[in-house]
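Comments concern the structure below.
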Amino acid sequence: MATREKSFSGNTTSRPYEFKDNKQILVIPRFDSKKDDGLYLCNAAQFSSFETLHINVTAYSRPSITIFESPAEDRGLEGQAAQFKCAATGKPAPDYKWFKVADDEEIVASDLYTVEEGLLVVNSLAASHSGQYKCVATNEIGEDEKVAELKVFRYETGSGEDEE
């Protein structure tokens, strides 16, 4: 990632930075990490000495789930696969965990489950897979979560109707 040098000697650039406490505190209103992350230089002069301090500023933000998709109409058929997608913004990038709410145990990759980043696939549905599934996106700053319901139906070949 490229860094930007910002140098302030009392006059601000076109960006509306503010100084407080006799120009000892720099305030960055409406902080935007794309614009404001980078290397800042603090120059201090007293009598005949001059010091420069380099300060690397990096913003962090808690996860916010922006995409959450579950099977159509929250339904699946026995023997088929069901897919859930979860994507979140956040800095640093979030890690994802999936849970079946009734068990409150993390779902891990196995023959039954495919778990990759924010994707969960239940590979072969059975009636016992009905219930709520929760995605938790986490980073060092915090977490966000969303829950989806799944109803698994059995296809009755004789009647042509779905039945739970």
Side-chain angles (χ1 to χ4, degrees), residues 1-74 76 81-123 129-150:
M1 178 173 84
T3 60
R4 294 186 197 118
E5 286 195 12
K6 317 257 195 275
S7 183
F8 301 99
S9 60
N11 294 330
T12 61
T13 62
S14 60
R15 178 84 167 90
Y17 296 98
E18 299 172 8
F19 292 94
K20 291 187 176 180
D21 198 12
N22 200 23
K23 294 186 182 178
Q24 293 184 44
I25 298 174
L26 171 66
V27 177
I28 306 172
R30 298 179 309 278
F31 189 92
D32 179 348
S33 64
K34 289 180 180 145
K35 294 177 185 175
D36 297 317
D37 277 5
L39 186 63
Y40 287 73
L41 304 178
C42 176
N43 298 316
Q46 183 176 16
F47 305 111
S48 62
S49 69
F50 184 81
E51 297 288 328
T52 299
L53 179 63
H54 293 47
I55 303 167
N56 190 17
V57 174
T58 303
Y60 294 96
S61 61
R62 69 183 306 123
S64 176
I65 295 175
T66 55
I67 297 172
F68 191 71
E69 298 174 3
S70 59
E73 299 178 13
D74 297 329
Q83 180 173 288
F84 299 85
K85 289 183 186 176
C86 182
T89 59
K91 190 172 179 185
D95 294 317
Y96 300 92
K97 290 183 180 180
W98 284 95
F99 297 85
K100 186 162 183 199
V101 174
D103 304 337
D104 199 34
E105 287 187 30
E106 182 180 355
I107 297 170
V108 295
S110 65
D111 290 341
L112 179 58
Y113 298 107
T114 301
V115 182
E116 295 176 3
E117 292 293 313
L119 177 68
L120 168 66
V121 179
V122 184
N123 294 311
H129 297 125
S130 290
Q132 294 182 322
Y133 290 81
K134 175 171 63 174
C135 171
V136 179
T138 307
N139 68 13
E140 290 87 346
I141 307 302
E143 67 181 42
D144 192 14
E145 62 183 51
K146 297 263 189 224
V147 175
E149 181 81 26
L150 176 66

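Here, residue 1 is the first one in the sequence, and each next residue gets the next number.
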Which atom names give the shortest non-hydrogen contact between Asp74 and Glu149, and what distance separates them? CB-O, 3.0 Å
Applying side-chain contact (heavy atoms from CB on, under 4.5 Å), name anything that partners Thr66, two or more places apart in sequence or on another chain. Thr89
Those residues that, when tested against Ser61, pass side-chain contact (heavy atoms from CB on, under 4.5 Å) (two or more places apart): Lys91
Sorted by chain and number, sequence neighbours left out, side-chain contact (heavy atoms from CB on, under 4.5 Å) with Ser110 holds for Leu112, Tyr113
Going by ring pair (Phe, Tyr, Trp, His ring centres under 6.0 Å), name the pairs with one or both residues in residues 92-112, residues two or more places apart or in two chains. Phe84-Trp98
Just how far is it from atom CD1 of Ile55 to atom SG of Cys42, taken to the nearest 0.5 Å? 5.5 Å
Quick check: closest heavy atoms across Ile65 and Cys86, and the distance to 0.1 Å? CD1-SG, 3.8 Å
Residue Asp21 excluded, over 12 heavy atoms near CG under 6.0 Å: yes
Atom pairs and distances, side-chain donor-acceptor, residues 131-138, under 3.5 Å, sequence neighbours left out:
residue	atom	partner	partner atom	Å
Tyr133	OH	His129	O	2.7

Close side-chain approach of Pro92 to Glu140, heavy-atom, < 4.5 Å: yes
Over all atoms of both residues, closest heavy-atom pair of Ala82 and Leu150: CB-CD2, 4.2 Å
Could you go step by step and tell me if Asp37 and Phe31 meet the side-chain contact (heavy atoms from CB on, under 4.5 Å) rule? CA-CA 9 Å; Asp37 277 5; Phe31 189 92; 3.5 Å; yes
Report the residues that fulfil side-chain contact (heavy atoms from CB on, under 4.5 Å) with Phe50, sequence neighbours left out, ordered by chain and then residue number. Asn43, Ala45, Thr52
Minimum heavy-atom separation for Ala81 to Val121, with atom names? CB-CG1, 4.1 Å
Please check this pair: side chain of Asn22 against backbone of Gln24, looking for a donor-acceptor N/O pair closer than 3.5 Å. no
Tell me, do Ile107 and Val115 make a side-chain contact under 4.5 Å, heavy atoms counted? yes
Does any pair with a residue in residues 114-123 pass side-chain hydrogen bond (donor to acceptor under 3.5 Å, both in side chains), and if so which ones, sequence neighbours excluded? Thr114-Asn123
For a quick test of reading the model, state the closest non-hydrogen atom pair linking Arg62 to Gly142 and the distance between them. NH2-CA, 4.0 Å
Hey, mind stepping through Leu120 and Gln83 against side-chain contact (heavy atoms from CB on, under 4.5 Å) and telling me if it holds? CA-CA 6 Å; Leu120 168 66; Gln83 180 173 288; over 6 Å; no
Exceeds 12 heavy-atom contacts within 6.0 angstrom, atom NZ of Lys100: yes
